[in-house]
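Since the structure comes first, as structure tokens, the remarks are kept for the end.
In listed order, ligands and their atoms are each counted from 1. All residue numbers refer to positions in the sequence shown, counting from 1.
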Amino acid sequence: MLQVLQCADRPLDLTCPQVMGILNVTPDSFSDGGLFVSVDAALIQARQMVAAGAAIIDVGGESTRPGAAAVSVQEELDRVAPVVETIVRELPVIVSVDTSKAPVMAEAVALGAGLINDVRALREPGALQAASNAGVPVCLMHMAGDDPRSMQEDPHYADVVDDIRLFLRRRIQACEAAGISASRLLLDPGFGFGKHVTHNLLIIQRLREFLSLGRPLLIGVSRKSTIGTVLDRAAEERLPGSLALATMACQEGAQIIRAHDVAATVDAVKMCHAVRVASSDDLTQ
Ligand code: 8Y4
């Protein structure tokens with residue numbers, strides 16, 4: 001059984017569930033009012049997430065929200081590269097680069113990033129080759145269509161879990177054909193990416209069905225709109241709903257949870273893991 005995934009020079013322990021902290025480095029999230037991302041502010045937030053128990057920091061410079069503007073390669077590099085370089089140097093954590101662009105993957109890994117997180121599952125031009133050359137693990141995520149700006153227009157599935165599983169199986173094959181061993185891959189059903197509320201709920205309910213793909217599962221539910229819809233909560237009021245889904249995802253076999261609220265999510269997944277591994281053999285009497 002797989003226990004450790006080597007992410008550049010840093011090991012990722014998968015014997016217990018791990019939390020990936022979200023670090024957005026778009027100018028609206030980390031600007032001083034200008035066009036540039038503040039590396040200092042990003043480092044402070046990353047340091048807090050590491051102290052709270054994050055095993056991975058996911059650095060993203062492209063907004064994938066529906067309606068968000070496209071970002072050029074140069075702009076994404078300008079946002080992401082200084083932050084990746086600084087966190088790798090300053091903190092004992094795996095840095096993940098959230099990008100679909102081949103040049104951003106290559107540069108981030110050259111600067112020490114240990115994981116590529118691609119919501120487009122290496123479907124952009126050059127991405128398969130860039131990831132193959134980079135040599136680090138890759139998270140392949142399912143998204144209906146290939147653009148977050150249009151993915152919610154008409155999501156349709158014969159069976160949402162079967163369709164996502166088939167998509168991921170095909171992307172694993174494309175990776176292997178490009179020289180990326182399956183042993184380097186993490187898989188993500190893409191909660192919220194081109195899915196209606198019920199599709200998202202079924203992904204959690206039936207998450208264990210993705211385990212047949214034979215790779216560790218990563219999932220991101222934190223603050224997403226399905227929680228807002230079910231609970232009628234604004235984004236800043238979605239922590240309890242996010243923790244409920246993170247806990248269920250762990251119980252159903254997810255090994256990495258992508259989250260904004262790292263401390264609370266670490267407690268939830270640790271508690272879930274303790275229940276999963278409890279054994280009456282450990283009782284004395
Ligand atoms: C509030 C805050 C509401 C954030 C929605 C959001 C995933 C991901 C994203 C995911 C993987 C997001 C980059 C969307 N989601 N990568 N990225 N899996 N692997 N929306 O689910 O957080 S961005």
Side-chain angles (χ1 to χ4, degrees), residues 5 7 12 18-26 28-29 45 49 54-68 71 76 79-80 84 94-101 104-105 108 113-124 127 131 136-144 146-149 151-152 164 167-168 171 185-195 197 199-201 203-204 207 210 215-231 233-243 245-246 249 254-262 265:
L5 194 64
C7 297
L12 177 63
Q18 300 290 356
V19 174
M20 168 189 268
I22 300 170
L23 187 61
N24 285 318
V25 291
T26 49
D28 39 305
S29 48
Q45 197 184 328
M49 293 196 285
I56 306 166
I57 304 291
D58 191 37
V59 178
E62 181 208 18
S63 177
T64 45
R65 286 171 192 244
V71 176
E76 207 178 308
R79 294 174 182 181
V80 162
V84 168
I94 294 161
V95 175
S96 157
V97 60
D98 157 20
T99 190
S100 298
K101 296 185 180 73
V104 179
M105 293 173 188
L115 180 67
I116 294 166
N117 175 31
D118 185 5
V119 300
R120 294 180 184 80
L122 306 181
R123 286 181 288 167
E124 290 291 298
V136 299
V138 180
C139 178
L140 302 175
M141 197 195 79
H142 173 270
M143 171 165 60
D146 57 11
D147 188 354
R149 284 164 280 274
M151 69 188 176
Q152 288 294 10
I164 294 170
F167 170 90
L168 291 172
R171 294 313 299 160
L185 300 175
L186 300 169
L187 304 176
D188 184 332
F191 187 98
F193 282 81
K195 286 108 181 166
V197 168
H199 294 138
N200 290 318
L201 300 177
I203 285 170
I204 302 294
L207 195 69
F210 296 106
R215 298 303 308 152
L217 301 181
L218 186 157
I219 192 160
V221 297
S222 186
R223 301 182 189 172
K224 284 185 178 174
S225 69
T226 288
I227 298 168
T229 302
V230 171
L231 302 179
R233 299 286 187 219
E236 63 277 10
E237 300 172 329
R238 295 176 190 168
L239 178 57
S242 301
L243 296 177
L245 294 185
Q255 286 179 285
I256 303 170
I257 305 293
R258 183 177 179 275
H260 299 86
D261 306 280
V262 172
T265 308

Nearest protein heavy atom to [atom], by residue and atom, and its distance?
atom                    : result
atom 5 (C) of ligand 1  : Lys224 CG, 3.9 Å
atom 22 (O) of ligand 1 : Arg258 NH1, 3.2 Å
atom 23 (S) of ligand 1 : Thr64 OG1, 3.3 Å

- Which is closest to atom 3 (C) of ligand 1 by heavy-atom distance: Met143, His142, Arg223, Glu62?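 Of the listed residues, Arg223 has the closest heavy atom.
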
- Message: Please state which option from Asp188, Val221, Ile22, Asp58 has its nearest heavy atom closest to atom 19 (N) of ligand 1.
- Response: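 Residue with the shortest heavy-atom distance to the ligand atom: Asp188.
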
- Could you point out which residue of Leu122, Asn117, Val138, Val136 forms a side-chain contact (heavy atoms from CB on, under 4.5 Å) with Met105?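 Among Leu122, Asn117, Val138, Val136, the one that satisfies the side-chain contact (heavy atoms from CB on, under 4.5 Å) with Met105 is Leu122.
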
Please list, in number order, the atoms of ligand 1 under 4.0 Å from a heavy atom of [X].
X      : answer
Val119 : 8 (C), 13 (C), 16 (N), 17 (N)
Met141 : 10 (C), 11 (C), 18 (N)
Gly220 : 21 (O)
His260 : 2 (C), 4 (C)

- Answer yes or no: does an N/O atom from Asp98 fall short of 3.5 Å to an N/O atom of ligand 1?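 No, since none of the N or O atoms of Asp98 sits under 3.5 Å from an N or O of ligand 1.
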
- Spatial distance of atom NZ (Lys224) from atom CZ (Arg258) [nearest 0.5 Å]: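 Rounded to the nearest 0.5 Å, the NZ-CZ separation comes out at 6.5 Å.
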
- Take every heavy atom of Met20, measure it against each atom of ligand 1, and state whether any distance is under 4.0 Å.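 The answer is no, since Met20 has no heavy atom less than 4.0 Å from ligand 1.
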
